[in-house]
Amino acid sequence: MRIATWNVNSMRARADRVSAWLERSDVDVVAVQETKCRDDQFPASVFTDLGYEVAHHGLGQWNGVALASRVGLEEVRTSFDGQPGYGEPEEAEARAVSAVCGGVRVWSLYVPNGREVDHPHYAYKLRWLEALRAEGAARLAEDPRAQIAFCGDFNVAPQDDDVWDMAAFEGKTHVTEAERQAFQELNKAGFADVVRPHAPGPGVYTFWDYQGLSFPKKKGMRIDFLLCSPALADRVTGARVDREERKGKGASDHAPVIAELD
DNA sequence: ATGTCATCTTTAAGATGA
């Protein structure tokens, strides 16, 4: 089974590229983030025309997540237990969708960006990551051999090698101790980054800002992950970042990340 | 040296978020 995660930065603007990528990538399951549309605007045919079932959760112009599978898509959920909301009053956002695909509970997750460390969005981000850890821990407490994949844009660079220059991130989000701690707590709960062992850094990134020619200058960040429960991580035989997809006109600012399972 | 993109809206160029 081949499983991928990709922040497409607008499904409507990226429809043709997503379709072309699916055709050449031969993935069985893909978790998509930042679809940036409501359910009624979502171009489901991009997936269904190629034989995938697809679930989308979008509430407006921001966020939006989808999950496409050609190995089954059952028991769809559009949030996890205790998933925090945002704003005043607090409202749920479209940042999670999941289903059981080929016996694996796969999540497509778009972790809040955090904006600035003194912004309420940053505290929201930390709450969100902690709630995700609790969800994962609860499922593994029920069944330690559960096959669960937390796939998505985590908006955290867990190690210094995951950004092109730590000095450029002084005082910025994505690299703070609290964010890295929250990510590490997910790891400690049993959810391992299954890509890093097959694509070690430095210099392996999944995101390059559109601004300032970041991609040609190799100024990227590794912030997109496939975090797998122990029983699922055991099945991984290979993984890679498809940085080719970041090239050319009309690319998303994120590259797809792909893992191979037996 | 600088350098983006997508979406929405007062439907033009600006504001916003990333």
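Worth saying up front: this structure is predicted, and the values here are computed from it rather than measured. Convention: sequence-line order gives letters A, B, ...; per-chain numbering from 1.
Closest-nucleotide positions on DNA chain B for A:A251 and A:D153 were compared, and the one nearer the 5' end corresponds to A:A251. Position along DNA chain B of the nearest nucleotide to A:E34 versus A:K249 favours A:K249 as the more 5'-ward residue.
Side-chain proximity of A:R95 to B:dA18, B:dG17, B:dC8: nearest is B:dA18. Residue A:N9 places its side chain closer to B:dA6 than to any other of B:dT7, B:dA18, B:dA6. Side-chain proximity of A:Y210 to the nucleotides B:dT16, B:dT4, B:dG3 is greatest for B:dT4.
Between the P atom of B:dC8 and the CG atom of A:N63 lies a distance of 13 Å, rounded to the nearest Å. Taking atom OH on A:Y122 and atom C1' on B:dA18, their separation rounds to 18 Å, with Å as the unit. A straight line from CG of A:N7 to P of B:dA18 spans 11 Å, rounded to a whole angstrom. Taking atom CH2 of A:W208 as the reference point, atom C1' of B:dG3 lies 19 Å away to the nearest angstrom. Atom CZ in A:R14 sits about 8 Å away from atom C1' in B:dA6, given to the nearest Å. Remark: P of B:dG17 and CD of A:Q211 are 15 Å apart, rounded to the nearest angstrom. Between the NZ atom of A:K36 and the P atom of B:dT7 there is a distance of 7 Å, given to the nearest Å. Counting to the nearest Å, the P atom of B:dG17 and the NZ atom of A:K125 are 16 Å from each other.
Rounded to a whole angstrom, the distance from the P atom of B:dT11 to that of B:dA18 is 25 Å. Here the separation of B:dT10 from B:dT16, taken at their P atoms, is 13 Å to the nearest Å.
OP1 or OP2 of B:dC8 has at least one side-chain nitrogen or oxygen of A:R12 nearer than 4.0 Å. Between A:S10 and B:dT7 there is a side-chain N or O to OP1 or OP2 distance below 4.0 Å. Taking 4.0 angstrom as the limit, A:R115 places none of its side-chain polar atoms (N or O) nearer than this to OP1 or OP2 of B:dT16.
Note on A:R127 versus A:E130: no salt bridge recorded, every NZ/NE/NH1/NH2 to OD/OE distance being 4.0 Å or above. The pair A:D26-A:R70 meets the salt-bridge criterion, with a side-chain N (NZ, NE, NH1 or NH2) lying under 4.0 Å from an Asp/Glu carboxylate O. With respect to A:R95 and A:D153, no salt bridge is recorded, no charged nitrogen being found less than 4.0 Å from a carboxylate O.
The aromatic ring centroids of A:Y122 and A:H119 lie 6.0 Å or more from each other.
Within the 4.0 angstrom heavy-atom criterion, only backbone atoms of the sugar-phosphate kind lie near A:Y110; the bases stay farther away. Among the heavy atoms of the strands lying under 4.0 Å from A:K217 is at least one base atom, whether or not backbone atoms are also near.
Below 30°, between 30° and 60°, or above 60°: for A:F207 and A:H254 the angle between ring planes is between 30° and 60°, a tilted geometry.
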